Structure formats: C-alpha cells, structure tokens
Protein chains: 2
Amino acid sequence: MSGVTHVSSPPETTGRGTVTMRALSLLGAFDERHRRLTLTEMAARASLPVPTAHRLVGDLVAWGALTRDPEGRYVVGRRLWDLGLLSPVQRGLRDVASPYLHDLYGTTRATVHLAVRDRGHALYLDRLAGHSSVPAVSSVGARLPLHATGVGKVLLAHAPEQVRVEVMASLQRLTAYTITQPARLRAQLDQVERNGYAVTYEEMTLGACSVAVPVRRRGEVVAAIGIVLPRLEATIQRHVAALEVTARGIGRGLDG
Amino acid sequence: MSGVTHVSSPPETTGRGTVTMRALSLLGAFDERHRRLTLTEMAARASLPVPTAHRLVGDLVAWGALTRDPEGRYVVGRRLWDLGLLSPVQRGLRDVASPYLHDLYGTTRATVHLAVRDRGHALYLDRLAGHSSVPAVSSVGARLPLHATGVGKVLLAHAPEQVRVEVMASLQRLTAYTITQPARLRAQLDQVERNGYAVTYEEMTLGACSVAVPVRRRGEVVAAIGIVLPRLEATIQRHVAALEVTARGIGRGLDG
DNA sequence: ATCGGGCTTCCGTCAGACGGAAGTCGACGC
DNA sequence: GCGTCGACTTCCGTCTGACGGAAGCCCGAT
C-alpha cells in the first residue's frame with residue numbers, strides 16, 4: 001500500500017467500449033425487473049450485436065457469473081452470489097448487527113430494518129419479517145426514498161446539507177400521507193435530530209407506520225434501524241427505547 | 001426461447017485467455033480469506049501482468065464491480081452485491097422461507113439455518129442467530145460438510161447414491177465426535193430417512209448440537225432447515241415438531 | 001537523500017475481438 | 001408434413017483495441 005493515486009476516470013471515448021465494459025454491460029442487463037433473460041434480450045439491453053454478446057456470455061457462463069435456468073434463459077450465477085456476499089458493502093455492519101436485529105425481532109415481532117444511505121436513497125442491508133408482519137415493499141438490496149421511510153428520515157436528518165437539498169428538490173408522492181412539502185419535511189428532520197428518532201405514518205405504504213433511530217459509531221451516524229407496525233398509537237416511546245438499546249449494542253459491536 | 005443448444009464449452013486454448021476471462025479471473029481473486037486486495041496482489045492471484053490488471057481493474061471499478069476502501073485496497077463493489085441478490089440461487093426459496101424462519105427463531109430463540117445441497121457440501125442460504133445463540137461457524141454463503149451438520153445429514157440422506165459414495169470417501173474429522181466411519185454414517189442416514197429428522201452432537205463444533213428436517217416441495221426434498229442448540233437432552237421431539245411445522249409451511253409457500 | 005514497493009502511463013506490435021452472413025434448431029400453424 | 005419464424009450458434013476475413021515491457025511517479029521507510 002503506498003502510491004495510491006487514482007484510477008484514471010473513464011474518458012468514455014464514446015467509441016465501442018472496452019471488452020471488459022461490454023461484458024459488464026451484459027451483466028448490467030439484469031435487474032430487479034429482469035432476472036431471467038434470453039441471449040437476444042441481453043444483447044439488446046446492452047446494445048451489443050447478438051454474436052458479440054454470444055461470445056461474451058459464453059465466457060460469463062464458463063466462469064459462473066451466469067447460469068442457464070431450466071428453460072434456457074440466462075440468470076445471475078451462483079458465483080456472483082458468493083462474490084456479492086463478500087462485498088464489504090457494510091458487511092461488517094450487517095454481521096455485527098444481525099444478532100441484535102434478531103433479538104429485536106424476537107422482542108417486537110415487527111418487521112425490522114437495517115439501512116444505510118446510498119446517495120439519495122436508503123439502501124436496505126437487512127430485513128427481518130415474520131409471517132404475521134405488516135406486508136412491506138422493502139427487501140434486502142432495495143433502495144427506497146429517504147423522505148418517506150423511518151430509516152430514511154433518520155439518515156436524511158444526519159446527511160450533509162447538499163444531500164438534503166437534492167432530496168428536497170423532488171419529493172415524490174407515494175401515498176396520500178407522503179410529505180411532499182420541503183418546509184414540512186425540513187421541520188420534521190430538525191425534530192428527528194433533536195428527538196433522536198423518526199416516525200412515519202403511512203407515508204410510504206398505506207397501513208404501515210414506522211419508528212427508526214440512528215446507529216452511531218463513535219458518535220457518527222453510520223446507519224439506521226427501524227421497525228414497521230400497522231399503527232403506532234401511544235407505543236412510540238416504548239419502541240424507541242427498544243430500538244435505542246439495539247442501536248447502542250450495534251454501535252459498540254462495531255468498535256470491538 | 002427455442003434453439004437452445006449449448007454454449008460451446010471453452011476449448012481452453014491454454015493461450016492467453018479472452019479478455020473477459022481475464023477480467024473475471026481478477027474478480028475471482030477475491031474470496032472469504034481475501035476480501036481486500038492491492039492491485040499487485042490481484043494481478044498475482046490472477047496470474048496477470050500488473051499493467052494489464054491495472055487496465056482491467058480500471059474498468060471493473062468504473063462499472064462498480066470493485067471499489068477502493070479508505071486505504072486504497074480493492075474490495076468487491078456494491079454493484080456486485082446488488083447483482084448477487086438478484087441471483088436465483090434459491091432466491092425463491094429464501095424469500096419464501098424467510099418469514100417462516102423468523103417465526104421459528106421467535107419461538108426457539110436458537111440459531112436457525114436454511115441450507116441446500118451444492119455438490120458435496122451444504123450451502124447455507126440463510127442463518128438467523130440471536131445474540132445469545134450458540135456461536136457457530138456457519139454464515140450465509142458458507143459451504144459446510146454434509147456429514148457433520150444437521151442440515152447436511154438431512155440433505156445427504158436424500159441425495160443420489162453417487163453423492164453419498166463421494167462424501168463417504170473422505171469423512172473429515174472436525175471434533176472428537178465427528179463421525180468418520182462410513183458404515184456408521186450410512187446407518188445414521190438410513191435412520192434420518194426413516195425418522196424424518198437428523199441430529200448431531202458436537203460433530204462439527206464442540207458445544208453445538210443440532211436438529212434438522214427436510215423441506216419438501218411436492219414430495220421432493222429441496223432444502224433442509226435446522227436449529228443449533230448447546231445440547232439436546234430430551235427436547236428433541238419438541239424441536240422436531242416445531243421444525244416440521246415450519247418446513248411444511250415453506251413447502252406450501254413454494255407451491256403457491 | 002536515497003531506496004524500494006507498488007501504482008500509473010506510454011506506445012509499438014500483433015493477437016484476438018469484431019460482427020455480418022450463413023447455418024441450425026425447435027415451435028407453431030396450416 | 002411442410003414452411004415459416006424467431007432465436008441461437010458458427011464461420012471467418014478485417015483491423016482495432018488489447019497487450020505488457022519499460023520507464024516514470026509517489027510515498028513511506030531507512
């Protein structure tokens with residue numbers, strides 16, 4: 001470790017693109033809405049001629065980045081799943097937090113979330129949902145808006161001003177209760193910072209409220225945890241207490 | 001979907017290898033024991049000249065397959081994590097099973113495992129461990145031996161004869177209680193098949209016993225779930241009952 | 001100041017990528 | 001059955017972008 005300068009950011013010659021980039025763009029053809037693709041579809045989504053895609057995909061399959069499902073469609077392979085788990089995308093955080101979250105789930109029996117901020121979104125790192133939990137849109141790996149979720153508000157309240165400005169610029173309405181006025185949101189964020197917790201009332205999904213608190217490491221907010229409930233009533237304080245215990249546990253775990 | 005023939009398996013010209021393969025081999029340089037690598041290390045592990053690796057890694061970083069950590073080392077990037085989650089590596093199974101497993105955890109407060117057989121190993125797809133749970137070596141994505149774990153024995157008992165033979169050929173000793181005699185193991189597997197559940201007594205890790213049952217989909221064993229406890233005593237039947245309820249739930253969920 | 005290890009840039013050579021065209025395969029309709 | 005169609009796979013002549021040794025750079029250690 002020494003001469004760490006920087007990888008020359010891609011000049012993007014707008015030409016053909018390197019072979020590597022082309023191969024990667026084929027992987028990029030997969031997303032939440034496209035988990036199974038035919039060769040032709042992949043080629044189209046990656047803007048590559050079919051024979052070229054065919055060659056590259058051959059390599060990807062040989063290595064295990066892709067596999068074919070029973071119908072012959074291509075799907076993301078096991079090897080990428082393995083690699084993904086290796087990613088330090090907050091891996092330390094997930095590993096440390098996991099037992100605490102399960103304990104919390106055991107206590108509350110509510111859907112539990114662990115999220116970090118990824119640019120202008122809340123990135124869900126873990127999610128525990130029992131069977132009887134409130135149905136929710138979240139899932140591990142999902143990116144949800146910062147302004148309409150419990151963990152999102154916490155993360156936003158502790159984000160740099162620049163991020164807040166960007167997010168405020170387009171507050172998408174998701175339900176009748178979504179906060180779409182920048183001023184109101186800003187007021188809430190101030191409260192979140194003061195109170196140390198955030199709440200939402202059906203702002204993301206009807207029938208789902210949430211409470212969330214920050215996870216701090218050496219004082220700095222590194223993540224947020226929250227629970228989702230059908231309604232909050234007067235139970236907020238109790239939940240906040242449980243969440244805070246958990247958050248402190250995780251914070252300590254991160255240092256150890 | 002039609003002319004599904006087959007991707008010509010790599011003739012492996014033993015030459016330089018395609019660009020794509022080289023890029024992938026750089027990703028392959030990462031594993032559980034090498035999560036953070038310098039450029040030079042990656043190049044060495046992939047048997048590539050440093051300047052070549054540098055160019056390829058540049059692309060991988062630009063695309064998001066790799067990132068640099070604060071110290072300048074390379075680590076698996078967020079985008080691969082995303083992709084990995086997309087992998088159908090039993091994704092349906094994990095998604096369906098998740099709530100059931102959480103319920104089971106809520107009831108037993110023991111470490112809960114969900115695993116499938118991957119060749120001669122048990123591949124752990126999910127793992128719930130509370131804080132007070134028995135410390136265990138397992139983790140999501142891990143591959144553990146079939147002969148020394150609860151879920152492993154279940155999966156092995158329902159595996160094709162060929163797999164059983166292969167596994168029997170080398171029964172690695174892990175603790176003083178690991179079963180290393182093929183005959184004894186085979187007798188146990190017969191019992192597992194008859195009884196419908198498997199148990200282990202500190203065969204993988206000292207201080208950790210386990211009970212496991214198969215998850216069936218339309219009669220066929222597709223996975224196994226199990227719990228880990230400090231000891232089993234006379235509680236086996238109760239745990240088996242809880243596990244079976246869960247397994248049936250998952251099995252039904254898979255069909256729905 | 002000097003050294004060494006690792007990262008980055010250069011650039012002349014040429015291996016290997018490229019992709020249009022043609023061949024194959026299976027499904028479907030008549 | 002036969003023809004059509006869509007999708008996959010193979011071929012192969014062209015030529016581009018990959019290759020990697022050498023040199024330069026940067027930083028920390030001596």
Side-chain angles (χ1 to χ4, degrees), chain A residues 1-27 29-30 34 36-63 65-75 77, chain B residues 1-27 29-30 34 36-63 65-75 77:
Chain A
M1 232 14 17
S2 57
V4 176
T5 49
H6 58 93
V7 171
S8 54
S9 49
E12 210 47 74
T13 50
T14 59
R16 245 216 237 97
T18 68
V19 178
T20 310
M21 275 303 186
R22 297 178 140 209
L24 290 172
S25 74
L26 283 169
L27 291 181
F30 291 87
H34 301 86
R36 313 162 71 237
L37 298 170
T38 67
L39 176 62
T40 314
E41 285 166 345
M42 291 178 69
R45 288 175 60 79
S47 327
L48 293 177
V50 174
T52 301
H54 179 252
R55 186 161 27 82
L56 298 174
V57 165
D59 282 348
L60 293 171
V61 170
W63 187 78
L66 298 178
T67 333
R68 312 195 70 165
D69 70 5
E71 286 97 60
R73 285 217 185 66
Y74 291 96
V75 292
Chain B
M1 237 6 23
S2 57
V4 177
T5 49
H6 60 93
V7 172
S8 54
S9 50
E12 210 47 72
T13 49
T14 61
R16 244 214 239 101
T18 67
V19 178
T20 311
M21 274 304 185
R22 297 178 141 210
L24 290 172
S25 74
L26 283 169
L27 292 181
F30 292 86
H34 302 86
R36 314 163 70 239
L37 297 170
T38 66
L39 176 61
T40 314
E41 285 166 346
M42 292 178 69
R45 287 174 61 78
S47 326
L48 293 177
V50 174
T52 302
H54 179 253
R55 186 161 27 81
L56 298 175
V57 165
D59 281 349
L60 292 171
V61 169
W63 188 78
L66 298 179
T67 333
R68 310 193 74 164
D69 71 5
E71 285 96 61
R73 286 217 185 65
Y74 290 95
V75 292

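Just so it is clear, the model here is predicted, and its values are computed rather than measured. A, B, ... follow the sequence lines: proteins, then strands. Residue 1 opens every chain.
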_To the closest 0.5 Å, what do you measure between CG (A:L24) and OG1 (A:T18)?_
7.5 Å

_Between C1' of D:dC25 and CG of B:L39, the distance in whole Å_ = 15 Å

_Going by side-chain contact (heavy atoms from CB on, under 4.5 Å), name the residues that satisfy it together with B:R45, two or more places apart in sequence or in a different chain._
B:A29, B:D31, B:H34, B:L37

*B:P51 near the nucleic acid: base, sugar-phosphate alone, or nothing, with a heavy-atom cut-off under 4.0 Å?*
base

*Send over the distance from B:D59 CG to D:dA18 P, rounded to a whole Å.*
8 Å

_B:M42 versus B:L26, closest heavy-atom pair with distance_ = CE-O, 3.7 Å

*Between C:dG19 and A:R22, is there an OP1 or OP2 to side-chain N/O distance shorter than 4.0 Å?*
yes

*Would you mind reading off the distance between B:E71 atom CD and D:dG28 atom P, rounded to a whole angstrom?*
13 Å

*What nucleotide, of D:dC19, C:dA17, C:dG19, holds the atom closest to the side chain of A:P49?*
C:dG19

*Whole-Å distance separating the CZ atom of B:R45 from the C1' atom of C:dG6*: 18 Å

*B:R55 has an atom CZ; how far is it from atom C1' of D:dA18, in whole Å?*
5 Å

*Got a sec, which residues hit side-chain contact (heavy atoms from CB on, under 4.5 Å) with B:V75, two or more places apart in sequence or on another chain?*
A:P88, B:R36, B:T67, B:D69

*Rounding to a whole Å, what distance do you find between B:L56:CG and C:dT8:C1'?*
14 Å

*Between C:dC10 atom P and B:H54 atom NE2, what is the distance in whole Å?*
11 Å

*Between C:dA17 atom P and A:M21 atom CE, what is the distance in whole Å?*
17 Å

*Consider the side chain of B:V19, meaning its heavy atoms from C-beta on, and name the nucleotide among D:dT9, C:dA17, C:dC18 that approaches it most closely.*
C:dA17

*For the side chain of A:T52, starting at C-beta, report the closest nucleotide among D:dC19, D:dA18, C:dC18.*
C:dC18

